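These figures come from a predicted structure and were not determined experimentally. Order of the sequence lines sets the chain letters (A, B, ...), proteins ahead of strands, with each chain counted from 1.
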Number of protein chains: 2
Amino acid sequence: MQEIAEEAGVNQALLHYYFRTKEGLAATIFKESASRLLPAVLGVLTSDLPLREKIEGFVHLYIDTVRSSPFLPGYIISEMQHHPERLTAMFESAGVDPAPVAAGIRARLARELEDLADSGTIRRISPENFVINMLGLAVIPFVARPALTLVLRMDDSAFQRFLDERREILPGMILNSLKP
Amino acid sequence: MQEIAEEAGVNQALLHYYFRTKEGLAATIFKESASRLLPAVLGVLTSDLPLREKIEGFVHLYIDTVRSSPFLPGYIISEMQHHPERLTAMFESAGVDPAPVAAGIRARLARELEDLADSGTIRRISPENFVINMLGLAVIPFVARPALTLVLRMDDSAFQRFLDERREILPGMILNSLKP
DNA sequence: GTCTATATTTCGATAGAC
DNA sequence: GTCTATCGAAATATAGAC
C-alpha cells in the first residue's frame with residue numbers, strides 16, 4: 001500500500017478512503033486489468049468475419065494490446081492462480097453471468113468450425129481447442145519473457161523484433177495447422 | 001511461513017532453522033519446482049529422436065508431468081514475473097551458465113529444422129518459434145484452468161478429459177502446422 | 001477529499017529450554 | 001533438531017484535523 005501510494009503521489013490513508021481495504025484495491029485492479037483484454041478479444045471471436053480474419057484479428061489485437069502492458073498476462077495468470085474468486089467477482093460486478101454467454105459464443109464457433117470441416121476447408125477441431133490454441137500461442141512470449149531474456153540473451157529490442165516477426169507469421173501458422 | 005509450517009506439521013522456528021529466511025525458502029522451492037520440468041524437457045529437445053517423436057515426447061512429458069502438479073506452471077510464471085532473479089539464482093546454484101547451453105541446443109535444433117525445410121518435409125520455422133509454440137500449446141490449459149472452470153463450467157473430471165483429448169491430438173496439430 | 005498521527009494486527013526472525 | 005515464548009519491524013487500517 002505504501003509503495004502504491006507513493007507511486008500515485010498520495011498517502012496510504014487516501015487509498016483506504018477510496019478502496020476501503022487492500023483487498024478492495026486488488027479486486028479493482030484485477031477487474032480493470034482483465035477488462036482491458038477480455039471484451040476486445042470476445043468481440044473478435046463473436047464477429048461475423050471469416051475465419052482467416054478472425055484469427056488474424058485475434059493475434060494482432062492480443063499482441064498489440066499486451067505489448068503496451070507486457071506484464072498484463074503474467075499478472076492475470078498470477079491472480080487467477082492465487083485468487084480464482086476474483087474472476088467470479090469481476091463478472092458479478094459487471095452484472096454478467098459468464099456461463100450462458102460463453103455457451104452462446106461456443107455454440108456459434110462450433111457451428112462455424114463444423115461447417116468449414118464439412119466442406120473440407122479445415123480439419124475438424126473443437127471450439128475449445130481452437131480458442132485455447134490461439135490464446136496459448138499469443139500469450140506465451142510474454143509469460144516466457146524472463147526466460148528468453150536469460151537463456152537467449154534477448155534484450156528489449158530483440159524481444160520487440162521477436163514480437164514483430166511473430167505477429168506476422170502466427171496467423172499463417174494457425175491457418176496452416178487447420179488445413180485438412 | 002505460519003501456513004507452510006502448519007501444513008508441514010512443524011512450527012515457524014523450524015522453518016527458519018532449515019532455510020534461514022523466508023526468501024531462502026522461496027528460492028529453494030523455486031529451484032526444486034523448476035528442476036522438475038526443465039531437465040526432462042531439455043532432454044527431449046536434445047535427443048536424437050526424429051522430429052515427430054520429439055514433438056510427441058515433449059507434449060506427453062509436459063502434460064503428464066504437470067498433470068500431477070497442476071499449479072506448477074502458474075507458480076513458475078508467477079515467480080518469474082515477480083522475481084526474475086530467481087531464474088538466475090537457480091542456474092547459478094546448479095553451476096550452469098544457461099546462455100551457452102541454450103545456444104548449443106538452439107544451433108542443433110536450427111540445423112535439424114533447416115535440413116527438413118530444405119528437403120521440403122516441413123515449412124521453414126525458427127527454433128525459437130518452434131519451441132515456444134509447443135510450450136505455449138502445452139502450458140495454456142493449466143494456466144487458463146480457472147477461466148475454463150468458470151466460463152465453461154468445467155469440473156475436475158471434465159478438465160481431465162480435456163487434457164486426455166489434448167494430449168492425443170496436440171502432436172498431430174503441431175505436425176500439421178509444420179506441413180509445407 | 002486529503003492530510004498527519006496513531007492504533008492494531010500480522011509477520012518474519014531470534015532466544016533459549018529441552 | 002524441535003519446541004515455546006517473544007521481540008521488533010512492517011503493514012493495514014482508523015481517528016480526527018483541515
> Taking all atoms of both residues into account, what is the closest heavy-atom pair of E112(A) and L51(A), and its distance?
Replying inline: OE2-N, 3.8 Å
> Once you round it to whole Å, what is the distance between C1' of dT4(C) and CG of N11(A)?
Replying inline: 8 Å
> Any idea which of dT14(C), dA15(D), dG1(C) is nearest the L14(A) side chain?
Replying inline: dG1(C)
>> Using whole Å, what does the distance between atom P of nucleotide dA13(C) and atom NE2 of H16(B) come to?
In response: 4 Å
> T21(A) side chain: which of dG12(C), dT14(D), dA13(D) is closest?
Replying inline: dA13(D)
> Does CZ in F71(A) sit with more than 12 non-hydrogen atoms of other residues, nucleotides or ligands closer than 6.0 Å?
Replying inline: no
> Separation of E6(B) atom CD from dT2(D) atom C1', in whole Å?
Replying inline: 17 Å
>> Parallel, tilted or perpendicular: which one describes the rings of F58(A) and Y62(A), with boundaries at 30° and 60°?
In response: parallel
> Which listed nucleotide (dT14(C), dT2(C), dA13(D)) is nearest to the side chain of Y17(A)?
Replying inline: dT2(C)
>> Please pick, from dG1(D), dC3(D), dA13(C), the nucleotide with the shortest atom-to-atom distance to any side-chain atom of K22(B).
In response: dA13(C)
> Atom CD of E3(B) to atom C1' of dG12(C): distance rounded to whole Å?
Replying inline: 14 Å
> Less than 4.0 Å between a side-chain N and a carboxylate O, is that true for D156(B) and R145(B)?
Replying inline: yes
>> Measure CG/L15(B) against P/dG1(D) and give the value in whole Å, please.
In response: 14 Å
> Nearest to the side chain of Y18(A), which nucleotide is it out of dT2(C), dT4(D), dG12(C)?
Replying inline: dT2(C)
> Between dA13(C) atom C1' and M1(B) atom CE, what is the distance in whole Å?
Replying inline: 9 Å
>> From CZ of F19(B) over to P of dC11(C), roughly how many Å is that when rounded to an integer?
In response: 20 Å
> Given atom CG of L25(B) and atom C1' of dC11(C), what is their separation to the nearest angstrom?
Replying inline: 14 Å
> Using a cut-off of 4.0 Å on non-hydrogen atoms, how would the nucleic acid contact of Q12(A) be classed: base, sugar-phosphate, or nothing?
Replying inline: base
> For the residue pair M173(B) and S177(A), what are the closest heavy atoms and their distance?
Replying inline: O-CB, 3.9 Å
